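First the structure, in the form of structure tokens, and then the observations on it.
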Amino acid sequence: MAWQPKDSMLTHNVKKGKLSEDKFKKVMENIGIRCVKTSQQYDKYYNIDFFVGNKTPVDLKGSKTTDSIWLEKRNIYGGKGSLFGFAKYMVMDLVDINSFVFYNRLDLVKYIRRFKDVCTDRGQYYCIYTRPGNKEQIIKVREHDLRPYEQFRIQY
């Protein structure tokens, strides 16, 4: 049987994600950039949350802080993580600085390849972390580590 998130965890994360998505769409439209939400199936299979501007695919990661950004190498089922989807940009909603920060997804893929060590606890940075009972592989970094890969920043 595949790992399933606890109902409370799933509900909480879905709610936080929806709030970030609503905020992102509103901010984009307020500055005059077309923003179209994709279907749930499209999001699931292609890791694309929105098409912005002239159909540029974007994967939004909501409610992050500058001190704790998790980059997903493998998803909870062991499949390709969001970094290996089809979005052109990964967008982090950095709530502590009220900004959406756009990163070139392929640059982030190259960046995470350097991390080979396995974490011994959740608080560690720059190593591969997996929660007990599932197959995800995520790497915790800070916003300042990703600045070389930043393309745009929109403050809200």
Side-chain angles (χ1 to χ4, degrees), residues 5 9-10 12-116 119 122-131 136-156:
M9 180 193 317
L10 184 59
H12 177 71
N13 289 341
V14 167
K15 185 177 179 181
K16 280 179 29 176
K18 178 77 169 108
L19 289 172
S20 284
E21 287 178 352
D22 292 346
K23 180 173 41 173
F24 181 75
K25 185 169 177 48
K26 184 177 179 181
V27 166
M28 292 290 102
E29 290 174 347
N30 283 345
I31 62 174
I33 297 175
R34 185 172 178 263
C35 186
V36 177
K37 176 73 179 113
T38 62
S39 69
Q40 187 176 9
Q41 291 296 92
Y42 211 86
D43 183 8
K44 180 178 179 181
Y45 293 110
Y46 299 103
N47 289 302
I48 297 172
D49 292 308
F50 291 96
F51 287 104
V52 297
N54 192 19
K55 294 192 175 186
T56 301
V58 166
D59 188 9
L60 177 66
K61 300 300 174 192
S63 292
K64 305 297 177 206
T65 63
T66 54
D67 199 38
S68 183
I69 296 174
W70 292 91
L71 301 174
E72 186 183 66
K73 186 175 180 179
R74 294 248 171 233
N75 67 25
I76 59 174
Y77 307 108
K80 291 180 180 179
S82 58
L83 286 178
F84 295 93
F86 292 87
K88 178 171 182 163
Y89 296 110
M90 301 290 296
V91 179
M92 306 295 172
D93 179 6
L94 299 177
V95 296
D96 57 336
I97 60 170
N98 299 322
S99 297
F100 289 111
V101 182
F102 289 67
Y103 301 97
N104 181 300
R105 179 186 59 79
L106 293 176
D107 288 343
L108 296 180
V109 168
K110 291 176 191 170
Y111 171 71
I112 67 160
R113 289 205 168 120
R114 70 185 75 190
F115 304 113
K116 308 277 189 221
C119 298
R122 181 179 172 93
Q124 292 178 291
Y125 288 85
Y126 318 117
C127 52
I128 300 168
Y129 177 75
T130 300
R131 288 181 291 188
E136 74 186 347
Q137 292 182 349
I138 50 180
I139 300 159
K140 185 178 181 181
V141 299
R142 293 178 175 95
E143 178 267 341
H144 68 78
D145 301 316
L146 302 180
R147 283 189 191 151
Y149 312 107
E150 182 178 324
Q151 301 294 307
F152 312 102
R153 183 177 293 233
I154 299 172
Q155 200 156 17
Y156 53 82

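For clarity, every value in this text was computed on a predicted model and none was experimentally measured. When a residue number appears, it is its place in the shown sequence, counting from 1.
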Does the side chain of [Y] come within less than 4.5 Å of [X]'s, by heavy atoms?
X: V91; Y: V101; result: no
X: K140; Y: Q124; result: no
X: F152; Y: Y89; result: yes
X: D96; Y: K64; result: no
X: I128; Y: K116; result: no
X: L19; Y: E21; result: no

Taking OH in Y45 as the centre, count heavy atoms belonging to other residues, nucleotides or ligands within less than 6.0 Å. Is the count above 12?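 At most 12 heavy atoms, drawn from other residues, nucleotides or ligands, come within 6.0 Å of this atom.
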So for atom NZ, which belongs to K37, do other residues, nucleotides or ligands contribute more than 12 heavy atoms lying within a distance under 6.0 Å?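 Atom NZ in K37 is packed in, count exceeds 12.
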What distance do [X] atom [atom1] and [Y] atom [atom2] have between them, rounded to the nearest 0.5 Å?
X: D93; Y: T65; atom1: CG; atom2: OG1; answer: 11.0 Å
X: K73; Y: K80; atom1: NZ; atom2: NZ; answer: 13.0 Å
X: Y103; Y: R153; atom1: OH; atom2: CZ; answer: 6.0 Å
X: I138; Y: E72; atom1: CD1; atom2: CD; answer: 7.5 Å
X: I33; Y: I31; atom1: CD1; atom2: CD1; answer: 3.5 Å
X: R147; Y: T66; atom1: CZ; atom2: OG1; answer: 8.0 Å

Report the relative orientation of the aromatic rings in [X] and [Y]; use parallel for angles under 30°, tilted for 30 to 60°, perpendicular for over 60°.
X: W70; Y: Y129; value: tilted
X: F102; Y: F24; value: tilted
X: Y111; Y: F115; value: perpendicular

Heavy-atom donor-acceptor pair, D145 side chain to R142 backbone, under 3.5 Å: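 Checked: pair present.
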So does M90 get a backbone contact from the side chain of R105, meaning a donor-acceptor N/O pair under 3.5 Å?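 A pair under 3.5 Å: no.
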Nearest heavy-atom neighbours spanning S63 and S20: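 Here S63 and S20 meet closest at N-OG, 3.3 Å.
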Minimum heavy-atom separation for Q151 to D107, with atom names?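 Smallest heavy-atom distance, with atoms named: NE2-OD2, 4.1 Å.
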Can a salt bridge be assigned to the pair K18 and D22 using a cut-off of 4.0 Å between side-chain N and carboxylate O?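 Yes, charged N to carboxylate O under 4.0 Å.
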Would you give me the side-chain donor-acceptor pairs under 3.5 Å for residues 47-59, sequence neighbours excluded?
unit_1 : atom_1 : unit_2 : atom_2 : d
D49    : OD2    : L60    : N      : 2.7
D59    : OD2    : K61    : NZ     : 3.4

All side-chain hydrogen bond (donor to acceptor under 3.5 Å, both in side chains) counterparts of E29, not counting sequence neighbours: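 For E29, the residues satisfying side-chain hydrogen bond (donor to acceptor under 3.5 Å, both in side chains) (neighbours in sequence not counted) are K25.
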Checking Y156 against K23: is there a side-chain donor and acceptor pair closer than 3.5 Å?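 Judged by distance alone, the side chains do pair up.
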Hey, mind stepping through L71 and M92 against side-chain contact (heavy atoms from CB on, under 4.5 Å) and telling me if it holds? CA-CA 10 Å; L71 301 174; M92 306 295 172; 3.8 Å; yes
